[in-house]
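Written out below as structure tokens is the structure these notes cover.
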Amino acid sequence: MSSPTPDALLGPADVRELAAALGVRPTKQRGQNFVIDANTVRRIVRTAEVRPDDVVVEVGPGLGSLTLALLEAADRVTAVEIDDVLAGALPATVAARMPERADRFALVHCDAMHVRELPGPAPTALVANLPYNVAVPVLLHMLDTFPSIERTLVMVQAEVADRLAAGPGSKVYGVPSVKANWYAEVKRAGSIGRNVFWPAPNVDSGLVSLVRRTEPLRTTASKAEVFAVVDAAFAQRRKTLRAALAGWAGSAAAAEAALVGAGVSPQARGEALTVEEFARIAEHKE
């Protein structure tokens, strides 16, 4: 693998210059905050443990700050970008700044929530600075659609990072925590300050690492059935599971029967349960 030129990554002046040339103004609507610090993107790549044989998928590459750092380390990178202008410009940025790796880069111009297939070999890793407003649904969609993704590292709003990595009993444990845990072992992997972005967001960011379960969760219930229990349990957080799951089960008595059958107290609340316990409840629905 040939080495990229030392100044291939984008610095603050490069990012602003590129944006000005394209007439791009980062929009809140798409949660756009561009990373302007080369050390930060290299740190993300290191934390993601990107290997020379990895096929990385990146969602929301923007102007290409992280894309270029990923291309330095991975075998190939596929970026998924919804924005017309950014999608049109990124291949040229890669070709200009890292010509020796340009043939290892592919761009998919569409909404990540609608991606069903990617060009080239199956992705082994997902590394992305996810737009804050759609981070959780995009993450869950990608994990579900591409089971070949073994390792994921995403940068999200700090509060979202806390929720994704929370365990049972935590105040912020909820639907994202349980659903992410269906696919992977999830943990916080660091914090990112506001000053590495342009424009600087008014919230801090966090890194979340997800390592896919080597063995899928053992349950006779389908993912859809388990997720239906999870959604019902957290829709009314303050209620006991007997009450919260009454609609899902058909009645409070039926909910109680499913809970007792699963070995879960009908007086418990959703935030106390593991994903395995939610799966057992789904198995016991009459």
Side-chain angles (χ1 to χ4, degrees), residues 1-19 21-22 24 26 30-112 115 118-121 123-132 134-135 138-139 142 146 149 151-156 192 196-198 205 207:
M1 189 187 290
S2 55
S3 302
T5 50
D7 59 349
L9 301 194
L10 301 175
D14 301 312
V15 170
R16 289 190 172 90
E17 217 172 275
L18 256 175
L22 297 170
V24 166
R30 289 197 170 150
Q32 288 169 332
N33 297 93
F34 300 130
V35 181
I36 55 173
D37 180 59
N39 289 329
T40 297
V41 291
R42 283 207 172 102
R43 177 187 155 201
I44 290 169
V45 172
R46 272 199 316 276
T47 306
E49 297 178 8
V50 174
R51 301 188 293 246
D53 61 344
D54 270 323
V55 177
V56 179
V57 58
E58 180 191 7
V59 173
L63 293 165
S65 302
L66 179 56
T67 314
L68 293 166
L70 288 167
L71 273 169
E72 277 188 339
D75 181 49
R76 52 185 64 238
V77 175
T78 300
V80 180
E81 177 58 67
I82 188 174
D83 186 285
D84 296 344
V85 175
L86 296 173
L90 190 53
T93 301
V94 170
R97 301 190 75 92
M98 224 173 265
E100 70 290 347
R101 307 290 290 152
D103 63 339
R104 306 248 171 200
F105 172 73
L107 181 103
V108 175
H109 178 199
C110 82
D111 182 341
V115 172
L118 294 167
T124 57
L126 165 64
V127 184
N129 168 21
L130 290 179
Y132 286 168
V134 292
V138 165
L139 173 63
M142 295 298 287
F146 301 103
I149 294 173
R151 286 162 293 114
T152 295
L153 187 82
V154 290
M155 177 158 59
V156 293
I192 303 280
V196 302
F197 294 97
W198 172 69
S205 300
L207 297 175

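These numbers come from a predicted model, not from an experiment. Positions are given from 1 along the sequence. The analysis underlying the following values was restricted to heavy atoms, covering all of them including side chains, and did not include hydrogens, waters or symmetry mates.
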task = State the CZ-CG distance between Phe146 and Leu126, to the nearest 0.5 angstrom.
result = 10.0 Å
query = Considering residues at least two apart in sequence or located in another chain, which fulfil the salt bridge (Lys or Arg N to Asp or Glu O under 4.0 Å) criterion with Asp53?
reply = Arg51
task = Enter the distance from Phe197:CZ to Thr40:OG1 here, rounded to the nearest 0.5 Å.
result = 7.5 Å
ask   = Can you check whether Val80 reaches Val57 side chain to side chain, under 4.5 Å on heavy atoms?
value = yes
ask   = Mind checking what makes side-chain contact (heavy atoms from CB on, under 4.5 Å) contact with Val45, not counting sequence neighbours?
value = Val50, Leu66, Ala69, Leu70, Ala73
key: Stepwise side-chain contact (heavy atoms from CB on, under 4.5 Å) check, Val94 with Arg101   = CA-CA 8 Å; Val94 170; Arg101 307 290 290 152; 5.7 Å; no
key: Taking every non-hydrogen atom, the tightest pair across Val55 and Pro121   = CG1-O, 3.7 Å
task = Give a yes or no on whether a salt bridge exists between Glu72 and Arg42, defined as a side-chain N under 4.0 angstrom from a carboxylate O.
result = yes
key: Partner residues of Asp54 under the side chain to side chain donor-acceptor pair (under 3.5 Å) criterion, sequence neighbours left out   = Thr124, Arg151
inquiry  = Rounded to the nearest 0.5 Å, what separates atom CG in Asp37 from atom CG in Leu10?
reply    = 11.5 Å
remark   = Smallest heavy-atom separation, Leu90 atom then Gly64 atom, equals CD1-CA, 3.5 Å
message = Test of understanding: with side chain to side chain donor-acceptor pair (under 3.5 Å), list the residues that count as partners of Arg76, not counting sequence neighbours.
response = none
message = Quick one, Met155 and Leu130 - any side-chain contact, counting heavy atoms below 4.5 Å?
response = no
ask   = Considering residues at least two apart in sequence or located in another chain, which fulfil the side chain to side chain donor-acceptor pair (under 3.5 Å) criterion with Ser65?
value = none
message = Testing the basics here: between Phe34 and Gly62, what is the closest heavy-atom pair and its distance to 0.1 Å?
response = CE2-CA, 3.8 Å
query = Hey, are the side chains of Arg104 and Val77 touching, using non-hydrogen atoms and a 4.5 Å cut-off?
reply = no
query = Looking only at heavy atoms, what is the nearest atom pair of Glu81 and Ala87, with distance?
reply = CG-N, 3.7 Å
ask   = Partners of Thr152 by side chain to side chain donor-acceptor pair (under 3.5 Å), sequence neighbours excluded?
value = none
message = If I compare all heavy atoms of Ala79 with all of Phe105, which pair ends up nearest, and what's the gap?
response = CB-CE1, 3.8 Å
remark   = Correct closest heavy-atom pair for Met98 and Leu68 would be CE-O, 3.2 Å
ask   = How about Val108 and Pro119: do any of their side-chain heavy atoms sit closer than 4.5 Å?
value = yes
inquiry  = Which residue in the set Thr78, Asn129, Thr67 passes side-chain hydrogen bond (donor to acceptor under 3.5 Å, both in side chains) when paired with Glu58?
reply    = Thr67
query = Side chains of Asp83 and His109: do they bring a donor and an acceptor to under 3.5 Å?
reply = no
